[in-house]
Undergrad: 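One structure follows; several queries about it will come next.
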Amino acid sequence: MTAPAELNRPHVYLPAEGEPTGPPLLLLHGTGGDEHDLLPLRGHLSSAAAVLSVRGTVLENGMPRFFRRLREGVFDEDDLRRRTDELADFVLLASGLYGIEPGSLVAVGFSNGANIASAMLFQRPNVLAGAVLIAAMVPYADPPAADLTGKPVIISNGDRDFMITADMTKRLADQLLNRGAEVTAMPHAGGHEIDATLLPQIRTLIEGVHRSGPTR
Ligand code: MLT
């Protein structure tokens, strides 16, 4: 499908086919990835659902990211705020043009993509129905007071992730819980990676979002 001219940011859109098993997905890649990386997750998490997969527009030594960092694990929060608004605006525009129901997307983000997904939940909560945060850190030291009541958020971090401590994972979960999100921890024994054995459980959980519709 040719992208509408207004959508001047690299992305892939896959329309829904037949009867999707789950919600439409917003796929957000990790540092050095692009909009093609996470497409195989559609078949595992939400078969036949519409997919919007977007590329980060910041380059770090030639590697695409969604926002700047000062060094590994230390984020430029001003840049993150700006890029989060840009991404949210793009997602709303693309949703309108492609016919995705407003507020129905579940973000699936890996690493840097997980971090902008959680930033979007805190900053622009109406854009997403929920999120799957894989290898996720704490995007804002003090996030905005968003109302995330009823929004499912899965955090799937590795026990051996050299970049993310158990304390960081707990802090992120607490920030989300304090704003009303329904947080499910799906830890695994690996490192900074997607644990494929957890995909069926993630699928089951996000299927509930699809059945009950957008939360608000
Ligand atoms: C990454 O390498 O992308 C980091 O783990 C997360 C980030 O910088 O957002």
Side-chain angles (χ1 to χ4, degrees), residues 9-12 25-41 52-91 105-125 127-128 130-144 146 153-176 181 183 185-196 198 202:
R9 175 178 183 143
H11 69 282
V12 170
L25 302 179
L26 172 66
L27 301 179
L28 301 167
H29 62 81
T31 301
D34 69 21
E35 64 277 24
H36 300 283
D37 286 12
L38 300 184
L39 293 178
L41 289 180
L52 180 63
S53 187
V54 184
R55 191 189 308 172
T57 51
V58 169
L59 287 180
E60 184 186 273
N61 301 322
M63 295 184 297
R65 285 176 54 83
F66 288 95
F67 58 90
R68 287 183 217 286
R69 59 182 164 182
L70 306 176
R71 56 180 189 277
E72 199 165 272
V74 181
F75 303 146
D76 177 341
E77 291 199 16
D78 288 336
D79 188 67
L80 175 56
R81 253 183 295 280
R82 193 165 55 245
R83 308 281 177 186
T84 299
D85 273 335
E86 274 173 22
L87 179 62
D89 290 343
F90 177 85
V91 168
L105 283 163
V106 169
V108 180
F110 171 64
S111 189
N112 184 242
N115 298 335
I116 199 156
S118 58
M120 192 148 46
L121 279 174
F122 291 129
Q123 196 172 319
R124 300 285 294 271
V127 177
L128 298 174
V132 180
L133 309 174
I134 303 171
M137 294 172 163
V138 175
Y140 292 123
D142 187 13
V153 181
I154 296 167
I155 302 177
S156 185
N157 284 358
D159 296 338
R160 293 195 182 83
D161 192 323
F162 65 99
M163 282 190 253
I164 307 176
T165 62
D167 276 0
M168 263 186 229
T169 305
K170 182 175 178 327
R171 216 168 124 217
L172 174 62
D174 286 346
Q175 289 179 341
L176 291 159
V183 178
M186 288 196 195
H188 58 85
H192 203 75
E193 64 199 85
I194 299 174
D195 181 341
L198 292 174
I202 296 175

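Heavy atoms only: backbone and side chains are in, while hydrogens, waters and symmetry mates are out. Whatever order the structure lists ligands and atoms in, that order sets their numbers, starting from 1.
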Undergrad: Side chain to side chain contact (heavy atoms under 4.5 Å, CB included) for Glu35 and Leu27? Distances and angles first, verdict last.
TA: CA-CA 8 Å; Glu35 64 277 24; Leu27 301 179; over 6 Å; no
Undergrad: Ile116 versus Leu80: any side-chain heavy-atom pair under 4.5 Å?
TA: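 Of all side-chain heavy-atom pairs linking Leu80 with Ile116, at least one is under 4.5 Å.
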Undergrad: Cationic tip of Arg160 within the cone over Phe162's six-membered ring, i.e. under 6.0 Å and within 45° of the normal?
TA: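 No, a cation-pi geometry is absent between Arg160 and Phe162.
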Undergrad: Atom 2 (O) of ligand 1: which protein heavy atom is closest, and how many Å away?
TA: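 Looking at atom 2 (O) of ligand 1, the protein heavy atom closest to it is Arg69 NH1, 3.3 Å.
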Undergrad: Donor-acceptor pair, His11 side chain versus Arg9 backbone, under 3.5 Å?
TA: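 Side chain of His11 to backbone of Arg9: a pair is present.
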Undergrad: Does ligand 1 have any atom that is closer than 4.0 Å to a heavy atom of Glu72?
TA: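 Checking ligand 1 against Glu72, which is what was asked, there is no heavy-atom contact under 4.0 Å.
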Undergrad: Among protein heavy atoms, which lies nearest atom 3 (O) of ligand 1, and at what distance?
TA: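 The protein heavy atom lying closest is Thr31 OG1, 2.5 Å.
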Undergrad: Does the side chain to side chain contact (heavy atoms under 4.5 Å, CB included) test come out yes or no for Glu86 and Phe66, once each step is laid out?
TA: CA-CA 10 Å; Glu86 274 173 22; Phe66 288 95; over 6 Å; no
Undergrad: Provide the number and element of each atom of ligand 1 under 4.0 Å from a heavy atom of Met163.
TA: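 In order of number, 5 (O).
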Undergrad: How far is atom 8 (O) of ligand 1 from its nearest protein heavy atom, and which residue and atom is that?
TA: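 So the nearest neighbour among protein heavy atoms is Arg65 NH1, 2.8 Å.
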Undergrad: Considering the heavy atoms of Asn115, write down every atom of ligand 1 situated less than 4.0 Å from one of them.
TA: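 Those qualifying, in numeric order: 6 (C), 7 (C), 9 (O).
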Undergrad: With a 4.0 Å cut-off on heavy atoms, is Ser111 in contact with ligand 1?
TA: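 True for this residue.
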Undergrad: Check for me whether Phe75 has a heavy atom closer than 4.0 Å to any atom of ligand 1.
TA: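 Right, Phe75 reaches ligand 1.
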Undergrad: Return yes if some donor-acceptor pair links the side-chain N/O of Arg65 with the main-chain N/O of Phe67 below 3.5 Å, else return no.
TA: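 Checking the backbone N and O of Phe67 against the side chain of Arg65, a donor-acceptor pair under 3.5 Å is found.
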Undergrad: Does Glu193 use its side chain to pair, donor to acceptor, with the backbone of Ile134 at less than 3.5 Å?
TA: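 Not a single qualifying donor-acceptor pair exists.
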Undergrad: Which bit of Phe67 is near ligand 1, meaning a heavy atom under 4.0 Å away: side chain, backbone, both or neither?
TA: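 Phe67 to ligand 1: side-chain contact only, backbone stays beyond 4.0 Å.
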Undergrad: Apply the test side chain to side chain contact (heavy atoms under 4.5 Å, CB included) to residues Ile194 and Leu38: give CA-CA distance (whole Å), side-chain angles for both, the deciding distance (0.1 Å), then the verdict.
TA: CA-CA 10 Å; Ile194 299 174; Leu38 300 184; 4.1 Å; yes
Undergrad: Identify, by atom number and element, the atoms of ligand 1 in contact range of His192, meaning under 4.0 Å from any of its heavy atoms.
TA: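 Those of ligand 1 that fall under 4.0 Å from His192 are 5 (O).
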Undergrad: What atoms in ligand 1 come closer than 4.0 Å to a heavy atom of Met137?
TA: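 By the 4.0 Å cutoff, the relevant atoms are 5 (O), 6 (C).
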